[in-house]
Amino acid sequence: MKERAHRDTSGTAELFTDAYRTHAASLLAYLRSQGVDDPEAVTQDVFVALYPRLESLSGGQDGLRALLFTIAHARVVDHHRRRSRVPAAVAYDPIADTRSTPSAEDDVVRGATGVAELLGRLTPEYREVIALRILAELTIEEVAQIMGRTPGAIKQLQRRALIALRREVAGDEERAAVAGAPIHEREGAR
């Protein structure tokens with residue numbers, strides 16, 4: 001009895017393999033022509049649904065083909081019913097998205113804070129070391145490798161750059177005090 005069951009299972013597997021090789025391409029083409037979103041996945045689903053029905057199949061190859069496309073048609077109908085209940089998907093367009101805001105880094109460097117102007121007053125070396133250490137958050141060793149200097153030289157350069165930046169900020173505050181307006185109001189008026 002077990003031998004017969006094994007023989008039936010192997011016959012079902014052979015029939016399934018033959019059905020897949022014979023009909024998978026045309027089934028996939030049918031599903032694509034019906035506007036199914038993922039025709040490859042639905043093709044797989046159709047064959048998974050076909051397998052348990054193979055033992056009770058009648059009608060030979062014509063019956064197999066009819067059953068296969070009946071299952072596929074039912075999947076197409078299910079797909080379109082489901083799609084009619086779900087809102088249409090719209091591709092995301094980052095250019096048209098008005099909800100985007102600049103990053104914090106963009107606000108600091110390009111925003112109305114005046115940081116870009118302050119950095120612009122520094123020497124190129126000072127600007128670079130501040131950008132790499134503070135904005136890019138790199139280690140002293142990484143900055144030393146990038147700038148072709150020793151870590152000790154980078155520490156000294158960073159210290160001098162921060163002192164120069166403090167002088168620039170103090171100078172702006174002094175100029176704003178002389179003008180009678182706080183620095184942030186003066187910067188926003190430009």
Side-chain angles (χ1 to χ4, degrees), residues 1-113 115-116 119 127-148 151 154:
M1 180 87 176
K2 285 184 180 180
E3 215 174 276
R4 188 173 152 238
H6 179 66
R7 211 175 323 121
D8 290 344
T9 304
S10 95
T12 302
E14 287 176 23
L15 183 59
F16 179 79
T17 302
D18 185 50
Y20 185 83
R21 288 182 180 150
T22 305
H23 301 292
S26 59
L27 182 65
L28 182 62
Y30 167 73
L31 293 169
R32 282 186 178 142
S33 74
Q34 298 303 305
V36 174
D37 290 335
D38 192 355
E40 290 85 3
V42 177
T43 299
Q44 178 182 353
D45 184 43
V46 168
F47 278 100
V48 167
L50 172 71
Y51 190 79
R53 298 180 183 181
L54 287 175
E55 288 184 15
S56 62
L57 181 68
S58 62
Q61 286 296 322
D62 290 338
L64 173 74
R65 189 167 193 270
L67 177 59
L68 190 63
F69 279 89
T70 299
I71 296 169
H73 175 73
R75 296 301 188 270
V76 169
V77 170
D78 290 346
H79 170 78
H80 288 295
R81 282 185 186 150
R82 222 178 1 262
R83 184 192 269 175
S84 70
R85 286 179 262 169
V86 176
V90 177
Y92 176 70
D93 182 8
I95 295 171
D97 189 357
T98 58
R99 299 173 300 163
S100 64
T101 59
S103 68
E105 291 82 2
D106 286 343
D107 279 346
V108 169
V109 175
R110 296 184 192 98
T113 60
V115 172
L119 290 175
R127 256 194 321 268
E128 185 174 15
V129 77
I130 287 177
L132 291 172
R133 283 286 292 137
I134 297 171
L135 298 177
E137 298 179 350
L138 298 177
T139 66
I140 288 179
E141 291 75 20
E142 291 169 330
V143 175
Q145 187 177 8
I146 290 169
M147 293 183 73
I154 294 301

Check whether any side-chain heavy atom of [X] lies under 4.5 Å from a side-chain heavy atom of [Y], and answer yes or no.
{"X": "Val42", "Y": "His79", "value": "no"}
{"X": "Leu54", "Y": "Leu67", "value": "no"}
{"X": "Phe47", "Y": "Ile71", "value": "no"}

Which heavy atom in [X] sits nearest to a heavy atom in [Y], and how many Å separate them?
{"X": "Thr70", "Y": "Ala66", "value": "OG1-O, 2.6 Å"}
{"X": "Arg133", "Y": "Val143", "value": "CD-CG2, 3.7 Å"}
{"X": "Pro39", "Y": "Val36", "value": "CD-O, 3.5 Å"}
{"X": "Val46", "Y": "Ala72", "value": "CG2-CA, 3.7 Å"}
{"X": "Ile140", "Y": "Pro151", "value": "CG2-O, 3.5 Å"}
{"X": "Pro52", "Y": "Val48", "value": "CD-O, 3.2 Å"}

[atom1] ([X]) with more than 12 external heavy atoms under 6.0 Å:
{"X": "Gln44", "atom1": "CD", "result": "no"}
{"X": "Phe69", "atom1": "CZ", "result": "yes"}
{"X": "Arg65", "atom1": "CZ", "result": "no"}

Distance in Å, [X] [atom1] paired with [Y] [atom2], rounded so as to fall on 0.5 Å steps:
{"X": "Leu119", "Y": "Ile130", "atom1": "CG", "atom2": "CD1", "result": "6.0 Å"}
{"X": "Leu15", "Y": "Leu57", "atom1": "CG", "atom2": "CG", "result": "6.5 Å"}
{"X": "Gln61", "Y": "Leu68", "atom1": "CD", "atom2": "CG", "result": "10.5 Å"}
{"X": "Arg75", "Y": "Asp45", "atom1": "CZ", "atom2": "CG", "result": "4.5 Å"}

Could you list the donor-acceptor pairs under 3.5 angstrom formed by side chains in residues 24-32, with sequence neighbours left out?
{"unit_1": "Ser26", "atom_1": "OG", "unit_2": "His23", "atom_2": "O", "d": "3.1"}
{"unit_1": "Tyr30", "atom_1": "OH", "unit_2": "His73", "atom_2": "ND1", "d": "3.4"}
{"unit_1": "Arg32", "atom_1": "NH2", "unit_2": "Glu40", "atom_2": "OE2", "d": "2.7"}

